[in-house]
Amino acid sequence: MQVFLSATADILNEFLPDLSCFNHATTRNRVLAVGKAIETETRAEIAGKPTVEKPVEHLIVGIDGALVKATRSKNQRRNFEIVLGRIEPCGRQDKILAAVRDLDDLARERVRFALRSAGRGPATNLTVLSDGEDAMRLMAGKLVERPR
């Protein structure tokens, strides 16, 4: 990881020569700070469960998972699965989604939030394209609107 961050710092120094203070520790700290801010914002949006003002008629979702195996080390982490997808709403711009299914307590909610933000409403027809694994289709879930 340190080699990657050091290379990242070198690239930033190449493109932003006036900012010679970039090193791997600064890069790591800034990336972590941005990640925490994005995570806080995303969790707040998911918790709010916003409704779609103008739902689309049809959504096509391509979704699949990829297993990432842990490397062997003293502090070995377990394997995890990344879920990736592309949402194609009828008449709107495509969106992409990603979640870590095994390590993220909000993985399913992230997928469903992405569908809502792409325009999924109660009457939206949903086509899920996957490799046949039921878990991938279930992540999109049935839409249940709760009265407020």
Side-chain angles (χ1 to χ4, degrees), residues 1-12 14-16 22 24 26-148:
M1 180 74 168
Q2 184 172 348
V3 172
F4 172 75
L5 290 172
S6 180
T8 303
D10 290 343
I11 290 170
L12 290 173
E14 183 71 29
F15 288 104
L16 305 169
F22 281 114
H24 71 276
T26 302
T27 303
R28 179 186 63 236
N29 292 338
R30 289 182 181 178
V31 168
L32 288 173
V34 169
K36 286 178 182 178
I38 291 171
E39 180 66 14
T40 300
E41 182 179 317
T42 301
R43 285 182 177 267
E45 288 174 346
I46 289 171
K49 295 192 180 193
T51 56
V52 180
E53 290 181 24
K54 295 182 181 179
V56 296
E57 187 176 314
H58 188 243
L59 281 175
I60 299 173
V61 182
I63 190 167
D64 200 1
L67 183 67
V68 177
K69 293 193 173 198
T71 58
R72 295 185 187 271
S73 68
K74 286 189 268 185
N75 301 323
Q76 184 173 356
R77 297 183 65 171
R78 66 183 205 181
N79 301 334
F80 58 94
E81 183 179 15
I82 299 174
V83 175
L84 301 167
R86 180 181 173 135
I87 305 169
E88 296 181 2
C90 183
R92 294 191 189 171
Q93 186 174 359
D94 296 353
K95 291 188 168 256
I96 58 169
L97 63 94
V100 180
R101 188 180 351 184
D102 300 339
L103 300 178
D104 184 358
D105 59 331
L106 292 176
R108 180 175 290 166
E109 287 80 7
R110 287 181 199 280
V111 171
R112 293 178 183 177
F113 175 75
L115 291 170
R116 281 193 310 271
S117 68
R120 184 177 185 194
T124 301
N125 293 318
L126 182 65
T127 302
V128 179
L129 306 173
S130 71
D131 60 3
E133 183 186 354
D134 288 337
M136 290 297 144
R137 287 192 304 273
L138 291 173
M139 285 196 84
K142 294 180 180 177
L143 183 64
V144 178
E145 290 290 324
R146 296 186 178 116
R148 292 182 178 229

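All residue numbers in this chain count up from 1 along the given sequence.
With rounding to the nearest 0.5 angstrom, the OG1 atom of T124 is 9.5 Å from the CG atom of L115. Summarising the geometry, atom CG belonging to N125 is positioned 10.0 Å from atom CZ belonging to R120; distances are rounded to the nearest 0.5 Å. In this structure, CZ in R92 is found 10.0 Å from OG in S117, a value given to the nearest 0.5 Å.
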In residues 52-68, what donor-acceptor pairs under 3.5 Å come from side-chain atoms, sequence neighbours left out?
residue : atom : partner : partner atom : Å
H58     : NE2  : T127    : OG1          : 2.8

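Annotation: salt bridge (charged side-chain N to carboxylate O under 4.0 Å, His left out) contacts of R101 (sequence neighbours excluded): E81, E133. Among residues two or more places apart in sequence or in another chain, the side chain to side chain contact (heavy atoms under 4.5 Å, CB included) test is passed with I38 by V34, T42. For A107, the side chain to side chain contact (heavy atoms under 4.5 Å, CB included) partners at least two apart in sequence or on another chain are A99, D104, M139. For R86, the salt bridge (charged side-chain N to carboxylate O under 4.0 Å, His left out) partners two or more places apart in sequence, or in a different chain, are E88, D94. Shown here are the side chain to side chain donor-acceptor pair (under 3.5 Å) partners of R43, two or more places apart in sequence or in another chain: E39, D105.
For I96, the CD1 atom sits in a loose shell: 12 or fewer heavy atoms of surrounding residues, nucleotides or ligands are nearer than 6.0 Å.
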